[in-house]
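The sequence lines fix the lettering, A, B, ..., with proteins before strands; numbering per chain opens at 1.
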Number of protein chains: 4
Amino acid sequence: MVERILEAGARVLAEHGYDGASTSRIATAAGISPGSLYQYFPHKDAIVLAVLERYSDQLVAGITARMTGQFEQPAPVIVRATLAALLDGLDVEQPFLRAAVVHGPQLDDGRALRIFEDRIGELVLAYLTTRRDELRPGLSLPTAAWMLVRTVEHLTVRYLLDRPPVQRDHFLQELSQLTLNYLRPTST
Amino acid sequence: MVERILEAGARVLAEHGYDGASTSRIATAAGISPGSLYQYFPHKDAIVLAVLERYSDQLVAGITARMTGQFEQPAPVIVRATLAALLDGLDVEQPFLRAAVVHGPQLDDGRALRIFEDRIGELVLAYLTTRRDELRPGLSLPTAAWMLVRTVEHLTVRYLLDRPPVQRDHFLQELSQLTLNYLRPTST
Amino acid sequence: MVERILEAGARVLAEHGYDGASTSRIATAAGISPGSLYQYFPHKDAIVLAVLERYSDQLVAGITARMTGQFEQPAPVIVRATLAALLDGLDVEQPFLRAAVVHGPQLDDGRALRIFEDRIGELVLAYLTTRRDELRPGLSLPTAAWMLVRTVEHLTVRYLLDRPPVQRDHFLQELSQLTLNYLRPTST
Amino acid sequence: MVERILEAGARVLAEHGYDGASTSRIATAAGISPGSLYQYFPHKDAIVLAVLERYSDQLVAGITARMTGQFEQPAPVIVRATLAALLDGLDVEQPFLRAAVVHGPQLDDGRALRIFEDRIGELVLAYLTTRRDELRPGLSLPTAAWMLVRTVEHLTVRYLLDRPPVQRDHFLQELSQLTLNYLRPTST
DNA sequence: AATGAATGAGGGTTCATTCAT
DNA sequence: AATGAATGAACCCTCATTCAT
C-alpha cells in the first residue's frame, strides 16, 4: 500500500510536477481515497519526500554498483562509466526531475538531497583515497569530493533539463575531462 | 512606480523568500494597494521575474566590468578575479538567492536564468576565443563555456547556501583550479 | 460589514447551533464569500466570540440600566426587577443560548463569559456594598457576589433551556427568595 | 468488554477531554480495535454517554449513602455533609468534569444529566418532605428541590473548575448557608 | 490611475463509521 | 466476534486576481 502510494506519487510527480501533485490527485492515481494517504504518511510532503528518497536510493545503488570493484580500472574508464550511470539514472520524466531538483532541497530541510549527495560523496571520497598518489598534491580530498559531486550532479541535471545541442557522448566526454583534469597534477 | 514595486519586491523576497512574497505583502512594502500592482504587471510572477531580471542585470554588469579590458592579464588572475566578483555578487540575503535559484527557472520558462547564463556565456566565450591557442586542442568553445558557466554558478550558489566548512579563499582557489585545469591542454 | 457578519453569525448560531455554524454557512447567511470573513476576523471562533461578546454587552447594558439609580429601592423590588431583566435578556433562541453557555467558556479561554460575569459581579458588589449594614454579618461581599452571580445566571439559563413546569412568576419569586434569604441576617 | 471500553473511555476523557477522545484513542486505551467499539455501542457518543452515566451512578450512590438514615440529624449537619460529599465526588480530573458538564447535556438529549439531577432531586425532595414543618410555609417542595439541586451542582462545578480564591471550608459554609436560608422560614 | 474589499476555487487534513477478511 | 485498513464528506483557511468605486 505504501508501495502503491509511492508509485502513484511518482507517476503524478512525473506527469504534473510538484505543484500539480495535490493529495487528491495522488489518491486518485493510487485508486484510494484521500484519507487513506494519512494512514501511511503524516502529511503530503512526507509522500513526496519518500518518493524522492526511493528514487535517490535507486540512483545511489546504481552508481555504487557501477563503481564497486572497479577502483583498479584506469581512471578515465571508471569515471566515464560512473558519469554514464548517473546520466542514465537521472534521465527520467522532466517534471519529476524538476520536482526533485527544485523541491527536494525544501523538504525536511533538504534531507533527501543531503543524503544523496553525502552517499555519493563518500563513494567518491573512497575512490579518491585509493588514488591519492595520482592526484594533484595538496588537494583536500573532502573538498574535492564536495566540488565534484555537486558539479557533476548539476551539469547532468542541466543537460537533461535544458537539452543543449551537445551530443550525449560529447557531453560525457567533457564531463570526464572536467573531472579528471581537476584532480590531475598540474604539469610544470 | 514600476521601480518602486521592483524595489519592494526585492526587499520582500530578501526577507520572506518566494513563498512569503504574497502580492499584498509586496504592495504594502511598496506603499500601494494590491490592485495597483496589476496596473504595471500582468500577474505576481511577472513581478518576481522582473526583480530577478534586474538583479541579474546588475550581476552581469558587475562581472562584465571586472573582465572587460582584462583579457590580456594572466589567466589565473582574471579567472580568480571574475570568480570573486561572482561570489560577491551572489552573496545576497539567502532567501533572495534561494528564490532566484529555485523559482527563477520556473518563471516564464526560465527566461531570467537563461538570459543571465547566455550573457555570462558570451563573455566567457569571448574570452576563450582570445585565448584559444592556450586551450586544450579540440575543445569546443561553446560547449566549454556552457559547462563552465553552469559549474561556476552552481558551485558558488551552493557554497553560499550550504556554507560548507571551506574557507572562502580555498573555495575560490579550487574553483579556479577546476576552471583552469578543464581548459588546459592535457599533458600527455 | 463586520456588523453584517456578526448579524449573520448570530442568526446561524440561533438556527443551527455552534456545530452547525460552519464558515461557509455564515458566509452564505451574510451574503458574502467565505474568504471575506477572513478580512475581518482571524478565524472562525473569533466570529463566534464576537457574536457572543456583542450579546453579552447588550445583556450587561440591560441589567445595568435596570439597576442603576435604583439602589435605594426596597431590596425585593430591585432584586426582582433585575432578575426579570436577566430572564428577559437570556430568553433568546435555544440553540443560541446553548452555544453561548456551552462554547462560550471554550472560546479564547472563556474570555466572553468571564467578562460578563465580572461585570455583573461588579454591579452586584456595588449594590451589596451600599446595603452592607442590612446583610448577614460576617458575610464576605466578594464571595457572596461570586455565588449569587453564578447561581442566578445558571438557574435562569436552566429555566429557559429545560422549561420546567414552573410559572415564570413563581420562578422569579423563588429566585428572589433564594437571593434575599442568602444575604439576610440569620434570625437566631 | 463493555466494562473495558467504559474504563478506557473514562481514562481518555480524564486525560484528553471530550475533543481529544477520538474513537481510535479510546480503542487503543481499551486494547482493542476501533471497529470493535461498534460491536458494543452504536456510535461514539453512546460510549461517552455510558461513561458519564456510570460516573453519575457512582456519584448518586455516594450522595445517597451519605444522606440515608441521617434525616434526623440537625439540618446544618446533614446539609454540610451532603455538600461535602458532592464536592468530593465531583473533584475528578478537570477535563473529565468539563466533558461531563459541557457535553453531557448534548448527549442523547441530556439523558445522563437529567437522570442524575432527577435522582438527586428525589433524594432532596424526600428529605424536604420529612422536614416540611420546619420550612418556609408555602414553599413548593418540587420547585425548591429543582432550584437547590441545580444551584448546588453548578456552584460546586464552578468552584472546582474556576478555582476562585475561596477556601474550601468557606465555600462549603456559604453553600450551606445559601441552601438553609433558602428553605428557612422568613422571620417576619 | 488608484483603490482595497470581495472573490471563490482549491488546498491539506481529520475522524466517525464501515466492511471485507 | 474481532479486526483495522479504507472511506469520504466536511472542515477551515489562503491568496492571486478582479472590479465597482
Side-chain angles (χ1 to χ4, degrees), chain A residues 1-2 4-5 16 18-28 30-48, chain B residues 1-2 4-5 16 18-28 30-48, chain C residues 1-2 4-5 16 18-28 30-48, chain D residues 1-2 4-5 16 18-28 30-48:
Chain A
M1 185 90 247
V2 163
R4 204 155 123 205
I5 293 172
H16 300 95
Y18 182 85
D19 287 335
S22 65
T23 51
S24 80
R25 185 119 69 183
I26 294 172
T28 300
I32 62 176
S33 85
S36 292
L37 296 177
Y38 292 83
Q39 200 106 47
Y40 303 95
F41 296 93
H43 45 250
K44 181 191 135 170
D45 279 348
I47 300 176
V48 176
Chain B
M1 184 92 250
V2 164
R4 212 158 114 197
I5 293 172
H16 299 97
Y18 183 86
D19 288 335
S22 62
T23 49
S24 81
R25 187 118 69 181
I26 295 172
T28 300
I32 62 176
S33 87
S36 294
L37 295 177
Y38 291 83
Q39 208 88 44
Y40 303 96
F41 296 92
H43 45 251
K44 179 190 139 169
D45 279 347
I47 301 175
V48 176
Chain C
M1 184 90 245
V2 163
R4 205 155 123 201
I5 293 172
H16 299 95
Y18 182 86
D19 288 335
S22 66
T23 50
S24 81
R25 186 119 70 181
I26 295 173
T28 301
I32 61 176
S33 85
S36 293
L37 296 177
Y38 293 85
Q39 200 106 46
Y40 302 95
F41 295 93
H43 45 250
K44 180 192 133 169
D45 278 349
I47 300 175
V48 176
Chain D
M1 185 92 249
V2 164
R4 210 156 116 198
I5 293 172
H16 299 97
Y18 183 86
D19 288 336
S22 63
T23 48
S24 81
R25 186 119 69 181
I26 295 173
T28 301
I32 62 176
S33 87
S36 295
L37 295 177
Y38 291 82
Q39 207 88 44
Y40 304 95
F41 295 93
H43 46 250
K44 178 190 142 171
D45 279 348
I47 301 175
V48 176

**Request:** Please tell me which of C:S24 and A:M1 maps to the more 5' nucleotide of DNA chain F, matching each residue to the nucleotide holding its nearest heavy atom.
**Result:**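 Nearest nucleotide further toward 5': that of A:M1.
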**Message:** Pick the closest DNA chain F nucleotide for A:R4 and for C:T23 by heavy atoms, then say which residue is nearer the 5' end.
**Reply:**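 Residue closer to the 5' terminus by nearest nucleotide: A:R4.
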**Message:** So, taking the atom named CG in A:L37 and the one named NZ in A:K44, what distance separates them when rounded to the nearest 0.5 Å?
**Reply:**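 Separation between the atoms: 11.0 Å.
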**Message:** To the nearest 0.5 Å, what is the distance between OG on D:S33 and OH on D:Y38?
**Reply:**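 Nearest 0.5 Å value for the OG-OH distance: 11.0 Å.
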**Prompt:** With pairs taken as Watson-Crick or G-U wobble and both distances under 3.5 angstrom, which stems of at least three consecutive pairs involve DNA chain F?
**Reply:**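 Paired runs of 3+ in DNA chain F: E:2-21 with F:2-21.
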**Asked** Looking only at side-chain N and O atoms, does B:S22 come under 4.0 Å of OP1 or OP2 in F:dC15?
**Response**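 B:S22 to F:dC15 OP1/OP2: no side-chain N or O under 4.0 Å.
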**Those residues that, when tested against B:F41, pass side-chain contact (heavy atoms from CB on, under 4.5 Å) (two or more places apart)** =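 Checked B:F41 against side-chain contact (heavy atoms from CB on, under 4.5 Å); matches are B:V2, B:I5, B:L6, B:A46, B:I47, B:A50.
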**Request:** Sequence neighbours left out, what passes side-chain contact (heavy atoms from CB on, under 4.5 Å) with D:S22? Give chain and number order.
**Result:**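 Partners of D:S22 under the side-chain contact (heavy atoms from CB on, under 4.5 Å) test: D:S24, D:R25.
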**Message:** Please enumerate all residues that pass side chain to side chain donor-acceptor pair (under 3.5 Å) together with B:D45, with sequence neighbours excluded.
**Reply:**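 Per chain and number, B:D45 pairs via side chain to side chain donor-acceptor pair (under 3.5 Å) with B:Y18.
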**Prompt:** Reading DNA chain E 5' to 3', which nucleotide is the first, and which the last, to come under 4.0 Å of any heavy atom in chain B?
**Reply:**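 So the outermost contacting nucleotides come out as E:dA2 to E:dG4.
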**Position toward the 5' end of DNA chain E (nearest nucleotide), D:D45 or A:G20** =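 Looking at the nearest nucleotide for each, A:G20 comes out on the 5' side.
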**Prompt:** Using a heavy-atom distance cut-off of less than 4.0 Å, which residues of residues 30-41 of chain D contact DNA chain E?
**Reply:**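 Under 4.0 Å from DNA chain E: D:G35, D:Y38.
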